[in-house]
2 protein chains.
Amino acid sequence: MTPDQASELAETFRLLGEPNRLLLVTECLDGPRSVTELTEAIGASQSLVSHHLRLLRAARLLRQRRDGKNVFYDLPDCHVATMLTNMMEHIDESDNETEGLIK
Amino acid sequence: MTPDQASELAETFRLLGEPNRLLLVTECLDGPRSVTELTEAIGASQSLVSHHLRLLRAARLLRQRRDGKNVFYDLPDCHVATMLTNMMEHIDESDNETEGLIK
DNA sequence: TTGATGTATAAACATCTGTTCATATATTGC
DNA sequence: GCAATATATGAACAGATGTTTATACATCAA
């Protein structure tokens, strides 16, 4: 893997590496969600949600579509959705181990 | 997905979301690597590599094993290796699209 | 047009993070 | 023991990041 490829892939991971953003993306796994729905789902302020959504759509991790007063977000058809689904299936497997802590 | 699960998964993504750390992990995909090898491979300072390795092993993304004067790092047998391999296989697919930029 | 609702943006700020520099801790060979 | 090599740690700091507050923009109904 070249440094450029690493930076590109890391950028995706970095965006998913924030709990609120990860929740926003996973909420959209089952279909389009309006900003209001997303705001209620993750329990953050509307402004914060909007800021995070901006980053996610800039990186094309989410797509935006307006319908009347609402704006809906969903995942474009890409491997990120598949990867996330796979990760979530295996999320409990490593819970048996004690969480690692920095000395 | 619960907020706790999101935080846990996000923590893994966050660690992989830094180019140097991602390179360190991918370098170890094909087998154990010494700190010296890793340092040369990613072209960073020894100190920086060591700092990053500390974070990665604290999160159990990498395992540490000393052999004489050298310390070798490798991936524990977990789904992270599989995920990374899958992601790297598909890394070029989304390159056709223009990179998203914040206005 | 006005008000109401939904969403986005800008500024400001405290905290977090990556990095460097210096130094400490192993481990081996002499 | 000492020197040399390999790795880890601590302090310090600039820059990035997540969040809040306030405000702007968009859409629809009356």
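All heavy atoms count here, side chains included; hydrogens, waters and symmetry mates do not. Chain identifiers are assigned alphabetically (A, B, ...) following the order of the sequence lines, protein sequences preceding nucleic acid strands; residue numbering begins at 1 within each chain.
- Rounded to whole Å, the distance from CZ on A:Arg66 to P on C:dG6 is 12 Å.
- The stretch residues 16-44 of chain B comes close to DNA chain C through B:Glu18, B:Asn20, B:Arg21, each having a heavy atom under 4.0 Å from the strand.
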Using a 3.5 Å cut-off and no angle test, enumerate the donor-acceptor pairs between side-chain atoms of residues 65-74 of chain B and protein atoms at least two apart in sequence or in another chain.
from	atom 1	to	atom 2	distance (Å)
B:Arg66	NH1	B:Gly68	O	3.1
B:Tyr73	OH	B:Arg57	NH1	2.9
B:Tyr73	OH	B:Gln64	NE2	3.0
B:Asp74	OD2	B:Arg63	NH2	3.2

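- Annotation: the terminal axes of the helix from C:dT1-D:dA30 to C:dC30-D:dG1 meet at 20°, where each axis is the rotation carrying the C1' atoms of four end pairs onto the next four (5 pairs per end, rounded to 10°).
- The nearest whole Å value for the distance from the CG atom in B:Leu53 to the C1' atom in D:dT9 is 13 Å.
- The shortest distance between the side-chain N/O atoms of A:Ser45 and the OP1/OP2 oxygens of D:dT20 is below 4.0 Å.
- Within the structure, salt bridge (charged side-chain N to carboxylate O under 4.0 Å, His left out) pairs that include any residue of residues 29-46 of chain A do not occur (at least two apart or interchain).
- At whole-Å resolution of the value, CG in A:Leu56 and C1' in D:dT17 are 14 Å apart.
- Note on B:Leu16: it clusters hydrophobically with A:Met83, by side-chain heavy-atom contacts below 4.5 Å among ILVMFWY residues.
- With centres under 5.5 Å and a plane angle under 30° as the test, the ring of A:His51 is not stacked against the base of D:dT19.
- In this view, B:Glu18 satisfies the salt bridge (charged side-chain N to carboxylate O under 4.0 Å, His left out) rule with no residue, not counting sequence neighbours.
- Sequence neighbours left out, the pairs with a member in residues 3-26 of chain A that pass ring-ring contact (aromatic ring centres under 6.0 Å, His included) are A:Phe13-B:Phe13.
- Between A:Leu24 atom CG and A:Thr39 atom OG1 the span is 8.0 Å, to the nearest 0.5 Å.
- DNA chain D is contacted by A:Gly68, A:Lys69 of residues 67-76 of chain A, taking any non-hydrogen atom closer than 4.0 Å.
- Under the rule for a side-chain contact (heavy atoms from CB on, under 4.5 Å), the partners of A:Ser50 that lie at least two apart in sequence or sit in another chain are A:Gln46.
- Residue B:Ser47 places a side-chain atom within donor-acceptor reach of the base of D:dT9, judged by atom type and a 3.5 Å distance cut-off alone.
- Judged as a side-chain contact (heavy atoms from CB on, under 4.5 Å), and not counting sequence neighbours, the contacts of A:Thr82 are A:Asn86.
- Not a single donor-acceptor pair, N or O on each side, falls under 3.5 Å between the base of D:dA6 and the side chain of B:Gln46.
- Straight-line distance from the CG atom of A:Leu48 to the P atom of C:dA14: 18 Å, rounded to whole Å.
- Annotation: side-chain contact (heavy atoms from CB on, under 4.5 Å) contacts of A:Ser7 (sequence neighbours excluded): B:Pro19.
- Within the 4.0 Å cut-off from OP1 or OP2 of D:dA16, not a single side-chain nitrogen or oxygen of A:Arg14 is found.
- Contact annotation: B:Arg54 side-chain N/O to D:dA8 OP1/OP2 distance is not under 4.0 Å.
- Checking D:dT17, D:dG18, D:dT19 against the side-chain heavy atoms of A:Leu55 singles out D:dG18 as nearest.
- Atom CZ of A:Arg65 is separated from atom C1' of C:dT7 by 15 Å (rounded to the nearest Å).
- For the atom pair CD (A:Gln5) and CE (B:Met87), the distance works out to 12.0 Å, reported to the nearest 0.5 Å.
- Residue pairs meeting the ring-ring contact (aromatic ring centres under 6.0 Å, His included) criterion with at least one partner in residues 34-61 of chain A, sequence neighbours excluded, are absent.
- The residue A:His52 sits close only to the backbone: its heavy atoms come under 4.0 Å of sugar-phosphate atoms, none of a base.
- Qualifying salt bridge (charged side-chain N to carboxylate O under 4.0 Å, His left out) partners for A:Glu27, counting only residues two or more places apart in sequence or in other chains: none.
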